[in-house]
Amino acid sequence: MSSKSIRVVLFKLSLAWRNLSQRRSQFLTALAAISFAVFLMFSQIGFQNAMLDSNVAFLRAFNADLVMVNKRRYVSLIEETFDQNRLYQARGFEGVDAAYPLYITMGSWRTYGSRNERPIRVFGFRPDHPVFRSPEIQAQQRALTKPNTVLSDRKSRKEYGALQPGGTGELSSVKVNIVGTFEMGADFVTDGNLMMSDQSFLKIFAAQPSGFEAKLRPSLQAVDMGLLKVAAGTDRDQLESVLNQSLPPDVVVYTQPHFLAKELTYWTQASGIGAIFGLGTIIGFLVGIVVVYNIIYTNIADNLPQYGTLRAIGHSTFYLFNIVLLQSIILAVLGFFPGFCLSALFYQMIASATGLICEMTSGTVSLVLGLTLFMCIASGLFAARKLQGLDPADVYSQKF
């Protein structure tokens with residue numbers, strides 16, 4: 001870019017800034033309104049991501065390349081099990097290194113000595129099986145060989161009481177001891193999580209109904225999920241296809257990415273999360289468009305003599321549009337950062353209060369920044385139509 005072009009851009013930028021800042025109170029009000037729209041978009045997208053990410057957090061934690069479930073289990077919370085023999089059959093296929101049974105149900109938790117009960121998710125597995133990726137869990141799971149011992153989720157809601165090592169509680173009316181902790185978080189289904197050995201799981205839930213359907217678990221042959229590990233270099237998509245074609249039709253196998261995508265699709269569509277929070281984001285976007293349009297339209301009206309002078313000395317309508325475009329970008333950038341900072345603080349508060357996974361990701365920031373720029377630029381250019389066919393003579397004779 002030549003020095004002349006740089007000077008032209010700097011002049012336009014200076015003029016755009018002066019047009020905006022000459023009325024300080026109006027300018028600050030505009031930035032506050034844009035920041036509010038940014039905060040509204042961040043909050044809606046953040047809530048949506050928190051709900052979705054939290055609902056699949058425990059699935060992401062599985063140490064699995066492939067996941068086997070009952071064919072009727074179209075979402076993880078559906079309580080449909082399959083026969084453990086299907087895992088033995090899967091182990092016989094080339095490329096499958098290991099297959100681990102995992103048991104999941106909803107029990108009731110009561111802090112020892114308290115009368116209040118709350119539902120809590122319980123995972124059961126063999127203590128010598130590395131069913132979770134977390135090194136923290138793997139380092140502690142040997143302690144679960146003792147009967148009626150559990151690991152507790154540190155991010156469980158405070159209503160469960162102090163779920164700390166050394167503590168005790170009643171899981172479905174059976175006294176259990178907490179021997180360690182891990183981190184997973186709350187979700188739509190439950191506000192807390194426990195892990196225990198498969199033998200303790202069987203001992204408690206063979207006699208006590210559990211889950212949403214209040215079923216008994218009389219045998220470890222009824223598996224909720226099978227976690228398959230494959231050999232290095234194995235094409236997981238191809239193995240997924242082979243297993244689904246070869247195994248009996250009562251089970252279905254997914255790669256972990258496919259399983260997560262299926263789960264996210266369910267929660268987005270069937271639960272209405274996408275529609276609800278998507279509508280909130282759209283409302284924030286539309287609020288921003290209306291606000292920015294009114295701000296820039298008023299600013300153009302206030303500075304028509306200035307724009308008329310620029311036209312009189314030979315500048316084109318495109319030149320005037322560029323000044324309005326720069327005003328829009330200035331508003332977008334300066335309005336975005338206060339909204340971003342407020343939203344980041346809000347995300348931390350939500351994560352702390354609810355236990356949900358509420359993170360300010362680069363993808364969310366990029367999306368909201370893009371929406372903010374588009375919102376301001378589109379509003380500015382729409383308002384700039386007032387400058388089309390601007391005649392300096394009309395400006396000074398007040399004929400508009």
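In this structure a side-chain-to-backbone donor-acceptor pair under 3.5 Å is present from S379 to M375. Counting only distance, with no hydrogens or angles, the side chain of T149 and the backbone of T145 share no donor-acceptor pair below 3.5 Å. A distance-only check finds a donor-acceptor pair linking the side chain of S328 to the backbone of C376 [under 3.5 Å]. Distance alone, capped at 3.5 Å, places no donor-acceptor pair between the Y266 side chain and the S76 backbone. Remark: the backbone N or O of R236 is not paired with any side-chain donor or acceptor of T255 at under 3.5 angstrom. The main-chain N or O of N148 is found under 3.5 Å from a side-chain atom of S200 such that the two form a donor-acceptor pair.
For CZ of R133, the number of neighbouring non-hydrogen atoms (other residues, nucleotides, ligands) closer than 6.0 Å is greater than 12. Within a 6.0 Å sphere centred on CZ of F212, heavy atoms belonging to other residues, nucleotides or ligands number more than 12. Remark: R91 CZ is packed, more than 12 non-hydrogen atoms of other residues, nucleotides or ligands lying under 6.0 Å away.
Between the CG atom in L40 and the CD1 atom in I45 there is a gap of 10.0 Å [rounded to 0.5 Å]. One distance of note links CD1 of I289 with CD1 of I34; it measures 11.5 Å at 0.5 Å rounding. Here CD of Q256 is found 11.5 Å from CG of L228. Values are rounded to the nearest 0.5 Å. Atom SG of C341 is separated from atom CZ of F39 by 12.5 Å, given to the nearest 0.5 angstrom. The CD atom of Q141 sits 9.5 Å away from the OG atom of S134 when rounded to the nearest 0.5 Å. For the atom pair CG of L194 and CG of L144, the computed distance is 10.5 Å after rounding to the nearest 0.5 Å.
In this structure, L367 is a member of the same hydrophobic cluster as L342, with clusters built from ILVMFWY side-chain heavy atoms closer than 4.5 Å. I204 and V122 end up in the same hydrophobic cluster when Ile, Leu, Val, Met, Phe, Trp and Tyr side chains are linked at under 4.5 Å. Transitive grouping of hydrophobic side chains (ILVMFWY, heavy atoms separated by less than 4.5 Å) brings I323 and I377 into a common cluster. Tracing side-chain contacts under 4.5 Å through hydrophobic residues (I, L, V, M, F, W, Y), one reaches I104 starting from V75; they form part of the same cluster. In the hydrophobic clustering of ILVMFWY residues, with side-chain heavy atoms under 4.5 Å counting as a link, L216 and V223 come out apart.
Scanning for side-chain contact (heavy atoms from CB on, under 4.5 Å) contacts around T168 gives Y112, K175, N177, with sequence neighbours left out. Residues forming a salt bridge (Lys or Arg N to Asp or Glu O under 4.0 Å) with K215 (at least two apart in sequence, or on another chain): E213. Not a single salt bridge (Lys or Arg N to Asp or Glu O under 4.0 Å) links E117 to another residue, sequence neighbours left out. Looking at residues two or more places apart in sequence or on another chain, you find no side-chain hydrogen bond (donor to acceptor under 3.5 Å, both in side chains) involving Q140. For the salt bridge (Lys or Arg N to Asp or Glu O under 4.0 Å) test, no residue two or more places apart in sequence or in another chain qualifies with K71. Under the side-chain contact (heavy atoms from CB on, under 4.5 Å) criterion, S246 pairs with F93, V242, sequence neighbours left out. Residues that satisfy the salt bridge (Lys or Arg N to Asp or Glu O under 4.0 Å) test with D250, not counting sequence neighbours, are R86.
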Report task. Start with the C-alpha gap between T265 and T268, add the side-chain angles, then the distance that decides, and say whether side-chain hydrogen bond (donor to acceptor under 3.5 Å, both in side chains) holds. Result -> CA-CA 5 Å; T265 298; T268 301; over 6 Å; no
Requested in this report: Using the side-chain contact (heavy atoms from CB on, under 4.5 Å) rule, take T81 and Y103 through it: C-alpha gap first, then chi angles, then the decisive distance, then the call.
Outcome: CA-CA 9 Å; T81 60; Y103 308 91; over 6 Å; no
**Report entry** Chi angles and distances behind the side-chain contact (heavy atoms from CB on, under 4.5 Å) call for I330, L334
**Finding:** CA-CA 6 Å; I330 291 172; L334 295 183; 3.8 Å; yes
Report task. Decide side-chain hydrogen bond (donor to acceptor under 3.5 Å, both in side chains) for Q245 and S241; before the verdict, give the C-alpha distance in whole Å, the side-chain angles of both, and the deciding distance to 0.1 Å. Result -> CA-CA 6 Å; Q245 291 175 10; S241 178; 3.2 Å; yes
Requested in this report: Before giving the answer on side-chain contact (heavy atoms from CB on, under 4.5 Å), spell out for I137 and V131 the whole-Å C-alpha distance, their side-chain angles and the decisive distance to 0.1 Å.
Outcome: CA-CA 9 Å; I137 296 174; V131 297; over 6 Å; no
Query raised in the report: Can you check ring pair (Phe, Tyr, Trp, His ring centres under 6.0 Å) on F125 and F62, steps first, answer last?
Result: CA-CA 12 Å; F125 55 92; F62 292 163; over 10 Å; no
Query raised in the report: Does the pair V365 and F340 meet the rule for a side-chain contact (heavy atoms from CB on, under 4.5 Å), with working shown?
Result: CA-CA 8 Å; V365 174; F340 166 76; 3.7 Å; yes
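Grouping Ile, Leu, Val, Met, Phe, Trp and Tyr by side-chain contacts under 4.5 Å, direct or through others, puts L345 with M349. Connectivity analysis of hydrophobic side chains (ILVMFWY, heavy atoms under 4.5 Å, direct or indirect) links F382 to Y293, Y297.
The stretch residues 118-127 participates, sequence neighbours left out, in these side-chain hydrogen bond (donor to acceptor under 3.5 Å, both in side chains) pairs: R118-D191, R121-D187, R121-N193, R126-D128. Applying the ring-ring contact (aromatic ring centres under 6.0 Å, His included) rule to pairs touching residues 216-256 yields Y254-F259, sequence neighbours excluded. Listed by first then second residue, pairs satisfying side-chain hydrogen bond (donor to acceptor under 3.5 Å, both in side chains) with a partner in residues 216-234 read N63-K229, R73-D224, D83-Q221, Q84-Q221, R217-D224, not counting sequence neighbours.
Listed here is the closest heavy atom pair of S43 and F346: CB-CE2, 4.0 Å. S35 approaches G335 most closely through the heavy-atom pair OG-O, 2.8 Å. E136 and F182 get closest at one heavy-atom pair: OE1-CA, 3.6 Å. The nearest pair of heavy atoms linking V251 to F82 is CG1-CB, 3.6 Å. Between G192 and Y160, the closest heavy-atom pair is N-OH, 3.3 Å. Here the closest non-hydrogen pair linking T181 and P165 is CG2-CD, 3.6 Å.
You'll find the side chain of L59 stays beyond 4.5 Å of the side chain of V67, heavy atoms only. Under the 4.5 Å side-chain criterion, counting only non-hydrogen atoms from C-beta, H129 is not in contact with L102.
Taking the charged nitrogens against the carboxylate oxygens, R60 and E263 have no contact shorter than 4.0 Å, which rules out a salt bridge.
Using the six-membered ring where Trp is involved, F42 and Y347 have ring planes that are perpendicular, over 60° apart on the 30 and 60° scheme. Below 30°, between 30° and 60°, or above 60°: for F374 and F285 the angle between ring planes is below 30°, a parallel geometry.
Aromatic rings from F123 and F132 are positioned such that their centres are separated by under 6.0 Å.
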